[in-house]
Structure formats: C-alpha cells, structure tokens
Amino acid sequence: MRWTIKPKPESQKVKALQEALQIDELTASLLLQRGIETFKDAKSFFRPNLSELHDPFLMKDMDRAVARIEQALETGENIMVYGDYDVDGTTSVALMSSYLRTRQENVITYIPDRYDEGYGVSFKGIDFAHDNDFTLIVALDCGIKAIDKVAYAKEKGIDFIICDHHRPGDAIPDAAAVLDPKRDDCEYPYKELCGCGVGFKLIQALASKQGYTIDDLGEYLDLVATAIGADIVPITGENRILAYYGLQIINENPRPGIKAILNQVDKTEFTITDVVFIVAPRINAAGRMKHGTYAVQLLTEMDEAQAEIYAAEIESFNLDRREADQEITKQALVQIEELNEQDRLTSVVYQEDWHKGVIGIVASRLIETYYRPTLVFTKSGDKLAASARSVIGFDVYNALDACSEHIEQFGGHKYAAGLTLLPENYDAFKQAFEDVVSSTIDPKLLSPEIKIEANIELKNITPKFYRILKQFAPFGPGNMMPVFMTEGVVDTGYGKCVGKDEDHLRITVKQPNVNPIVCIGFNLGGKIDLVSTKIPFSVVYSIDENHWKGTTSLQLKLRDLK
C-alpha cells in the first residue's frame, strides 16, 4: 500500500480563501484541493442549486431530438425506450418511459437479454420494434457505436434517438439525433454525465417546451442520483447538483421501487455510498441473474405494495448473485495459483461454465488479491466473453485496443470494459495483453495508493470540523471523502480483532493532551501486533460517526497503519 500526500495548495491562495469564507486553514486547503478558489466557487459547492444546471439545448442535436419526439407525440407514433441492463441503463429507461407516459400511452420499454443479445443495441430489439409497429426508438446508455444497427433500423422505417455518454468511435451513427457530450463536435460545458444524466437533459428540454421548469422534474432525480453513484462518474459540476438533489428525494420521498429496496435495510439516512452498496447491486442483480426488465418494472411501479413484491423478487436474485460471485472468485484464485501466475502483471482467467452475469464483479474481487489489470472470461455461445477491470491510473480500454487483432469486439471505459473473442484466440490474446501491460504500465501502479489530503493532529478532529466535512458530500470521483494521516499515535491497550473471522481491527488511539479516539479498520486484523508494541505508529483514515445505543461519537475509519 503506497501512501501519497497530496501537494499543499499555495499559501497565498489558502490565506485568501480563509479570509473570504472566514474558515480555518485546514478547511481552506481541503477546498483548494477540490479546485474551489473563490467565495462563488464555495457557494456552488456547499449550496448546489438546480438553477445552475446548463441549458440542455447547448448539447449537440438536442433541438433535433426534441423535434423528433414532439412529432412522434403529436402523431401518436409508437415509441420504444431501449436501454442497457445495468443500473445506468435501467434507471435511464425508467426515467424516459415514465416521462413519456405522462404525455402519451403507447410507450414500451426494451432491455436486451444479457445472454441472448449482449450489450447495447441489438438486431433482435430492432426486429421486435418493426414487428410491433414502433417507428421511434430512444436508446439510452448505449448506441454511440451502433452504426450498422441504426442503419438497419432506418431501412425498416425506424428512427433512432441516441442518448449516450461513452466515447464515440471514428463515425457517429446516422440517427435522427445523437446526444453524447463526449462527441468532438458537442460544445456542452459538462462532459461527465452518465447515460441517465443525458436522458434527464432530454426530458428537461422536452419539459421546457411545455412551459415547465427544472423544479417540476424533482421526481426523476432519485433515478439520476442512483445512476451517478452506480456508474462511478465524477461527482463534480452538474453531476454534483443532480446527485445532491437526488439524494434529498431518496431520503424524503423516493419512488416506491427505490423505497422498497431501502426498506430492506436498517437505516434511516442514506448517502451516495449507500446508493452504491445497497440500491445499485440489487438493481444490477436483475440483469445479471435473470433479466433487466425486472429492474425497470420495479423502478416504474407506482403502487407501494406491488413494489415490495418486486423488490423481494430482486433481493432473491441478489442473494443468488452473491453466492455465484463468491464461488467463482474462489475458483479463479485457485486457477491463478495452479498456473503459477501469481507474479504476472495481469490476471486473465477463464472457465466455460462461469456465470456471465457476475464476471465483472469477480474481476473486481480478484484485484483485491492481485492488484493488477484483470480479465475474467466465460463461454458465451460459440465465443468467449470477458469483463475487464483496471487499477487506478491504468487505461485498460487503450490496452485492449492494442490487442484488437485478437478480439472480435470490445467497448467500455478507462477502468472497465467488455470484450468477446473466438476460443482459438484466447491464448494469443492472453499473452498479448500481458505483453502490452508489461511494456506500458508504470510499476508503481501495481500497488494500491492511498491519497492523503493532509497530515493532522488528533486535536484537529472536533465535532465542528466534522460538521463542515459532512457538507463536502456527496462524495465520489473528483470529490473523494477526505483521507488524513496522523503520526505518532499509540494504542491505549484495548486493541483487539473483531468480526466473525476476527479480520477487522478495533483500537483506541491517543496523542498527548488529547482525548483518545476509537478506530475501526476493516480487514486490518493482521496488523494487531503492530499496535500492541507500545511503539508509536502512523494511521491513515477518514473521519466517521459511530452510533451506538442512542449516543453518537466521532471515530476514525482506518485505511492503513504503519
């Protein structure tokens, strides 16, 4: 584990921000590390406002998308809302279909089957639209590379509107409109929207033509916040505003489907982290284990009793998913050992009967043991399909591109991608991927890094400081929860291992003339000997609250200790 302390901001800027905001030096430094330099920046950060969202018509093709949908609504065309089977896709479909159904009845949703059709726009979906007299397809969270599919649809008299956020290829599909802020010719000011975010901009534009404002669209923001959290997009700029207000809806008045999921856990206040670890896996489990349509059904259901039934069904898919990913992870770790591949710079594993729906999760789990770019393959029809996951700082998409001669097709992001290849190309691809990564990765990226914002004393950790830190939320990429280091602490003598397998560490640390503070370190039980020697040590942590028997106290959530 590498500890890296972020550079201190310029002292003049710190002083200027301290004076402008009447805050302490540490808080001013934390804000500057997030690019907040002025009173105006700070106001936008601490008080996100829906009025600061950009005009949706700044997005390339937005006028064309609105005109085509308005035409379809006026003439009563049948509209299909098409989206991917993951959280971003299913929330996008729920969002768009819910909105369009407030305008007309003949709207259906379509989620491709993960196993039969695979990722993105499918010929089968287009054929279904044609056979059932649908003349407009609104595709969300997919479609930016579906040039042949869009052309095929056009031949059948079906128009496409694409709402995507993935990197375009060399050409853009010949659709009625292509909304994607990552298009080179799109001047939309914020580039990091998720698919559901792009869908929301479209309904914002449609609603504005009806005389409605952003304040009339609050009911959709729980879906947008869920997608932002699950898709791991930066929580900066427009995403921060959407996530902030979406979390308010999730906490105060969520749609019945999200409420039914949250009812399954013993919690009253939900953060973006809860959305990522409670809501997202359950929505995802539908598409992984059964079919993404179950998730859309849950997210669009307005009857609370029926939503509870759907949520219980999805919870059973989630339990199946958890069992499958734990079992496959064990098998994959055994395979790495049996092939003596512990010292490679990549993990590439394959077994034909592994469940395709969980191989992405398994890839992430393997990185917890072997911190390096990872691919998990399974059989999919007559081909092999894989999910790729990367380590921070390494672009796995580019690495796959360098191996493309062995690949049938691939797509994705810097840190997560999917691909298919022919079985006879597996060994050659596996070696090529190892060679590409070996020759391009910076060796230091092969050990996890903890980025530390500041070296502080325990006396800095006060209820007032924590109240300010809480206002930095929602946390996520671009605005991670602050991580601090404190040197020269000692354990008060009550350190112990806790948890079912005693793999967590619970200690109480102190410095001279400061009240001791409790620390919890998940999966740090192996370091118990380090704290029991009475020799001072350093801790890296985030600050958290502990609620116990009606009392609330500050605690440190340990990331590492040395």
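Nothing here was measured: the structure is a model prediction, and the numbers come from that model. Residue numbers start at 1 and run along the sequence shown.
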[atom2] on [Y] to [atom1] on [X], rounded to 0.5 Å:
X      : Y      : atom1 : atom2 : value
Asn284 : Ile361 : CG    : CD1   : 7.0 Å
Phe433 : Ser347 : CZ    : OG    : 9.5 Å
Leu384 : Asn425 : CG    : CG    : 9.0 Å
Arg282 : Leu298 : CZ    : CG    : 11.5 Å
Ile392 : Lys451 : CD1   : NZ    : 8.0 Å
Phe394 : Thr346 : CZ    : OG1   : 9.5 Å

| Given Pro168, which of Asp180, Ile162, Val178 fulfils the side-chain contact (heavy atoms from CB on, under 4.5 Å) condition? |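 The option that passes is Asp180.
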
In terms of heavy-atom contacts, does [atom1] of [X] have more than 12 from other residues, nucleotides or ligands at under 6.0 Å?
X      : atom1 : answer
Lys191 : NZ    : yes
Lys267 : NZ    : yes
Lys527 : NZ    : yes
Lys330 : NZ    : no
Lys557 : NZ    : no
Arg506 : CZ    : no
Tyr115 : OH    : yes
Ile147 : CD1   : yes

Any side-chain heavy-atom pair from [X] and [Y] closer than 4.5 angstrom?
X      : Y      : value
Arg240 : Pro474 : yes
Val150 : Val121 : no
Met96  : Arg101 : no

Using a 3.5 Å distance criterion without hydrogens, assess whether the side chain of [X] forms a donor-acceptor pair with backbone atoms of [Y].
X      : Y      : answer
Arg389 : Val362 : no
Glu301 : Gln297 : no
Gln264 : Ala311 : yes
Tyr82  : Gly120 : yes
Ser390 : Tyr415 : no

Salt-bridged, [X] to [Y], with N to O below 4.0 Å?
X      : Y      : answer
Arg255 : Glu304 : no
Asp395 : Lys414 : no
Glu434 : Arg372 : no
Lys201 : Glu238 : yes

| query | Cation over ring, Lys149 on Phe123, under 6.0 Å and within 45°? | reply |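 Yes, Lys149 and Phe123 form such a contact.
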
| task | Tell me, please, which residues at least two apart from Phe160 pass ring-ring contact (aromatic ring centres under 6.0 Å, His included). | result | none

| Can you list the residues that meet the ring-ring contact (aromatic ring centres under 6.0 Å, His included) rule with Tyr426, with sequence neighbours excluded? |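 With neighbours one apart ignored, the set is Tyr350, Phe377.
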
| request: Verify whether the ring centers belonging to Phe200 and Tyr220 lie closer than 6.0 Å. | output: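 Ring centres of Tyr220 and Phe200 not closer than 6.0 Å.
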
Report yes or no: do [X] and [Y] form a side-chain donor-acceptor pair below 3.5 Å?
X      : Y      : result
Asp435 : Ser438 : no
Thr552 : Glu545 : no
Asn251 : Glu269 : no
Tyr190 : Asn239 : yes
Gln431 : Asp427 : no
Gln331 : Gln335 : no
His165 : Asp88  : yes

| query | Once the angle between the rings of Tyr397 and Phe410 is folded into 0 to 90°, is it parallel (under 30°), tilted (30 to 60°) or perpendicular (over 60°)? | reply |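 Aromatic pair Tyr397/Phe410 classed tilted.
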
